[in-house]
Amino acid sequence: MPKIKKEVIIGIFIALLIVVILAPLASSNPDGLERVAEDLAFLERADGREVISSPLPDYEVPGLENKTLAGILAGITGTLLTFALMMILAKLIATSKKNKQMS
Amino acid sequence: MHIPDGFLDVKTAATAAVVSAVAISYSIKQTREVLDDRQIPMMGVAAAFIFAAQMVNFPVAGGTSGHLIGGTLAAITFGPWAAMLIMSAVLIIQSFVFQDGGISALGGNILLMAVVAPLVGYFVYSLLMGSGESRKRVLASTFVAGWISTISASLVCAILLSISNIVSIQVAVPAMLGWHTLIGIGEGLVTAFVVSYLTKVKPGMVRRYRVNTKESVGAM
């Protein structure tokens, strides 16, 4: 098991700080695309059209009333999941490179 | 700029998915050639950081907000091909776990934020850097690259909306560009801020940047 580098720990720590400190202060106004969809009256096209039901829709935790806390928990979950997914994908690519070199 | 389910029609969503799939498989090939095992954890960090930063919507004008895309940031630090994979990882988690961007629109969202944004960002950055390598030049180029990458992604988004027959192209383009010209300023500022930090703590991660000994001595 290789040692985890300091820069990786610092990087993840910074990402988690953003989730805990900055994300709760985020503007809840519609983003650019949502705003355009509102102004041009096509936002309702998305209503009820979700293809799958996500476990933490809109960064909320079902059953948890405190939206700030839910957002933080969702953000921490997402940050760590994204890190894990990227590591797995990159490792798969690196492994396929080695296999290719061996064959 | 995450497109939800229900906006794109089937032909547009399918076309965008095919284009994205081709782009991603090409970026996997390119990344495989240059991927150094030691880079893998930092690619994970970049994806995690961009996910976190995308949660921070900043207000722009008139009751609208925007957030970082991060495509330019990923491209300046890992090159455009690895950046496409980093951005895709972020978008996959957002759509499956958080319903941020529809599953049926994932191909479209990858096209905007994982293909167009990093490619345009990297192109503009390289163009503006020219043969320069100073810190000032890096930061100015980064800002403009981030700004234009957001505008470009919003332009492609407007095109997808109009191909889906939701709005005409004459209406969609000015509406999307109007807001994203402003939001892109945020993209440029945040990207330049992060790159500025990296030039201090991990200068080797910033493409085209060479630490100028005189400059760093001057800074101390």
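Model, not experiment: these values are computed from the prediction. Below, chain A is the first sequence line, B the second, and so on; all start at residue 1.
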- Where does Leu85(B) contact chain A at under 4.5 Å (heavy atoms): side chain, backbone, both or neither? both
- Message: Can you confirm whether Phe98(B) sits close enough to Asp58(A) that some side-chain heavy atom of one is under 4.5 Å from a side-chain heavy atom of the other?
- Response: no
- Listed by number, the residues in residues 60-71 of chain A that come under 4.5 Å of chain B (heavy atom to heavy atom) are Gly71(A)
- Item | Non-neighbouring partners of Phe42(A) that pass ring pair (Phe, Tyr, Trp, His ring centres under 6.0 Å), sequence neighbours left out | Phe7(B)
- Query: In Å and rounded to the nearest 0.5 Å, what is the CZ to OG1 distance from Phe49(B) to Thr82(A)?
  - Reply: 13.0 Å
- Message: Show me the pairs that pass salt bridge (charged side-chain N to carboxylate O under 4.0 Å, His left out) and involve residues 35-45 of chain A, at least two apart or across chains.
- Response: Arg35(A)-Asp39(A)
- Val19(A) and Ala52(B): which non-hydrogen atoms are nearest, and at how many Å? CG2-CB, 3.6 Å
- Item | Region of Phe58(B) that comes under 4.5 Å of a non-hydrogen atom in chain A | backbone
- Residue Leu182(B) versus chain A: region with a heavy atom under 4.5 Å: neither
- Message: Less than 4.5 Å apart, side chain to side chain, heavy atoms only: is that true for Asn57(B) and Ser28(A)?
- Response: no
- Message: Out of Ala84(A), Gly78(A), Gly32(A), return the one with the most heavy atom pairs under 4.5 angstrom to chain B.
- Response: Gly78(A)
- Query: How far does CD1 of Ile52(A) sit from CD of Gln99(B), to the nearest 0.5 angstrom?
  - Reply: 7.0 Å
- Message: Show the nearest heavy-atom pair for residues Val36(A) and Trp179(B), with the distance to one decimal.
- Response: CG2-CD1, 3.7 Å
- Message: Heavy-atom cut-off 4.5 Å, strictly under: side chain, backbone, both or neither for Pro59(B) against chain A?
- Response: both
- Checking heavy atoms, do the side chain of Ser95(B), its backbone, both or neither come under 4.5 Å from chain A? backbone
- 4.5 Å side-chain heavy-atom contact, Thr64(B) and Asp31(A): no
- Which residue pairs pass the salt bridge (charged side-chain N to carboxylate O under 4.0 Å, His left out) test with at least one member in residues 27-36 of chain B, sequence neighbours excluded? Lys100(A)-Glu33(B), Asp36(B)-Arg38(B)
- Note on the structure: Looking only at heavy atoms, the pair that brings Ala48(B) and Phe83(A) closest together is CB-CB, 3.9 Å
- By a 4.5 Å heavy-atom criterion (distance strictly below it), what part of Val167(B) contacts chain A: side chain, backbone, both, or neither? side chain
- Item | Flag side-chain contact, heavy atom, 4.5 Å: Ser104(B) against Val51(A) | yes
- Side-chain heavy-atom pair Asp37(B), Lys98(A) within 4.5 angstrom cut-off: yes
- Query: Between Ser27(A) (side chain) and Ser65(B) (backbone), is there a donor-acceptor pair under 3.5 Å?
  - Reply: no
- Message: Any non-hydrogen side-chain atom of Leu89(A) less than 4.5 Å from a side-chain atom of Ile28(B)?
- Response: no
- Query: Contact part of Ile3(B) toward chain A, heavy-atom cut-off under 4.5 Å: side chain, backbone, both or neither?
  - Reply: both
- Query: Given side chains that start at C-beta, do those of Pro4(B) and Arg49(A) come closer than 4.5 Å, heavy atoms only?
  - Reply: no
- Part of Ile40(B) lying under 4.5 Å from any heavy atom of chain A: both
